[in-house]
Number of protein chains: 2
Amino acid sequence: MSFIPYSHHYQRIRDQLASDIAQGASQADEKLPSEREMIERFGCTRVTLRQALQQLEAEGLVYRENRRGWFVCPSRIRYDPTRISGFMEYVSAQGRTPRTECLLAERRPAGDWLAQRMGLASADEPVFFLQRRRWIDRRPVLLEYNVLLASWCPGLLDIDLNTSLTRVLREHFARVQSRCKLEMHIGTVNEEQAELLQLSPGASSIHLERLNFGEENQIVEFDQEFWRPDALSIVMETRPPEMK
Amino acid sequence: MSFIPYSHHYQRIRDQLASDIAQGASQADEKLPSEREMIERFGCTRVTLRQALQQLEAEGLVYRENRRGWFVCPSRIRYDPTRISGFMEYVSAQGRTPRTECLLAERRPAGDWLAQRMGLASADEPVFFLQRRRWIDRRPVLLEYNVLLASWCPGLLDIDLNTSLTRVLREHFARVQSRCKLEMHIGTVNEEQAELLQLSPGASSIHLERLNFGEENQIVEFDQEFWRPDALSIVMETRPPEMK
DNA sequence: AAGTGGTCTAGACCACTTG
DNA sequence: AAGTGGTCTAGACCACTTC
């Protein structure tokens, strides 16, 4: 008898589910059978099955909706966070259906934390605060918080924001951003964010922060983005730093 | 009696461990007590304790070394993948101790896959293939695979590569790279990679691919990097695209 | 109302690391 | 040799979604 390399039960289950998906037995965004159906098929306990599913989740092959079940991941969206082009544009360009939902839009004083982050002279400086949720096809993939200097785009709140902010700024205010500073890392979502993204509490996410600069090289916007980690592939091209 | 919001047992355990860490009861890279000690302290089963630890792992507060136990995460290294400056430089600059270990360095034909990826005329084009492991303080955090056009830096293999590749190219070959194309996403490591990074099999990682261009804007190098996801914060600054 | 996923218990065995 | 973490079983209850 030939030697068969040892592999754990959950690994074999993972492999079977992965090959089901690869062979197209399940389509993108399609729901997998219930856990109790799957443990019958694989002859294991739920603990073991869930270990296999969590592995596939980390690989970006399946995703979970809180208490709703497991689904097959669609392919990733390619996203260049250094480009000014908006979500609506690049998702459409990749043959998918984007949707933007404005959850909150208000004027408020910046406050200490933001004033420091944005280099404002006063914590009373008025800003617009937006919270938006963005979808690709059937799935919410991104929670976005925008903070804009109110003096830079007065009257922003009178405009429909369930769309591309880039375009609104360009068309209503003739505003274009020049450069930005980015920071990103892997983290988790809090309870509120989990609910909005239909994630299980404590699920992991890609956290992205951006400081945007305006025409005179002043800070005009501060963004935070929380992405479902399986939803995107981050791409960018650089040019060499210019000599001074 | 006031209403106390419901929270799960594993969440309370998470909170206690998190506050232990925040208060400095455990230092960076210090080992936590064994799981069996902790379940005694918390009065739960190992399943529940491990759920709490996996949550903290996703947050980047603790990390795991396969079969060795759980450790407290040190702070993240800030890394700009668009900069040419090397690992050794920016890790030192942040007050940490970097180490580079060259695991493999050989000359070989590019092969079909790489030839296409790098836009080479022939699959026989010779390249140097390097595999290096990089450490921060006591911990391996990065697995790096470099493929360099042999004609661009002949004799590279005669040089000590347990150091900064950037500096070797600059000092021995007077080579500087101009721009690059980046792609990154969240994924998992395979078995070999897990072992080299002392990760549990199937652990998640940040996967980064880079195509580097030389002086005449030709592709001269293709890299892949696999990072422990808790080890870094990716930062970058952009300039606006130039008008044509 | 039925079924689902999320949480949890109380054990067990094994391969591997540590002393 | 002892102890550790990784894997796994066979259940259970509950909150929530779906029908």
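Worth saying up front: this structure is predicted, and the values here are computed from it rather than measured. Each chain gets a letter, A, B and so on, in the order the sequences are listed, and its residues count up from 1.
- Set against C:dG6, C:dT9, D:dT7, the side chain of A:Arg36 has C:dG6 as its closest nucleotide.
- Taking the side chain of B:His9 as heavy atoms from C-beta on, and the options D:dG6, C:dC8, D:dT7, the nearest nucleotide is C:dC8.
- Residue-environment remark: CD (B:Glu195) stays at or below the threshold of 12 foreign heavy atoms within 6.0 Å.
- Both A:Thr45 and A:Asn66 sit near DNA chain D, but only A:Thr45 has its closest nucleotide nearer the 5' end.
- The listed nucleotides are C:dC8, C:dG5, D:dT7; the one nearest the side chain of B:Arg50 is D:dT7.
- If you measure from atom CD of B:Gln51 to atom P of C:dG5, you get 16 Å, rounded to the nearest angstrom.
- In this structure, the nucleotide among D:dT9, C:dT9, C:dT7 sitting nearest to the side chain of B:Cys44 is C:dT9.
- Base pairing annotation: C:dA15 forms a Watson-Crick or G-U wobble pair with D:dT4, both donor-acceptor distances under 3.5 Å.
- Rounded to a whole Å, the CZ atom of A:Arg64 is 5 Å from the P atom of C:dG6.
- Residue A:Met38 contributes atom CE, which lies 11 Å from atom C1' of C:dT4 at whole-angstrom precision.
- The CZ-C1' distance, from B:Phe71 to C:dT17, rounds to 11 Å in whole Å.
- A sub-4.0 Å separation between OP1 or OP2 of C:dG5 and a side-chain N or O of A:Lys31 is present.
- Under the Watson-Crick or G-U wobble criterion, with both distances below 3.5 Å, C:dA10 is paired with D:dT9.
- Judged by distance alone, the side chains of B:Thr100 and B:Arg134 do bring a donor and an acceptor atom under 3.5 Å apart.
- Distances were taken from every side-chain heavy atom of B:Arg46 (C-beta onward) to each of C:dG5, D:dT9, D:dT7; the shortest belongs to D:dT7.
- Distance from the side chain of B:Arg68 is smallest for C:dT18 among the nucleotides C:dT18, D:dG5, D:dT7.
- Position along DNA chain C of the nearest nucleotide to A:Val47 versus A:Arg67 favours A:Arg67 as the more 5'-ward residue.
- Under the 3.5 Å distance criterion, with hydrogens and angles disregarded, no donor-acceptor pair is assigned to the side chains of B:Gln55 and B:Gln51.
- The NE2 atom of A:His8 sits 13 Å away from the P atom of C:dC14 (whole-angstrom rounding).
- Comparing D:dC13, C:dT7, D:dG6 by their closest approach to the side chain of B:Ser200 singles out D:dG6.
- What separates CD of A:Gln54 from C1' of D:dT7 is a distance of 13 Å, to the nearest Å.
- Ring geometry, A:Phe129 versus A:Tyr145: the interplanar angle falls from 30° to 60°, so the pair is classed tilted.
- Following rounding to the nearest Å, B:Glu65 (CD) and C:dC16 (C1') show an atom-to-atom distance of 14 Å.
- No donor-acceptor pair closer than 3.5 Å links the side chain of B:Arg83 to the backbone N or O of B:Met236.
- Taking atom CD of B:Gln198 as the reference point, atom C1' of D:dG5 lies 15 Å away to the nearest angstrom.
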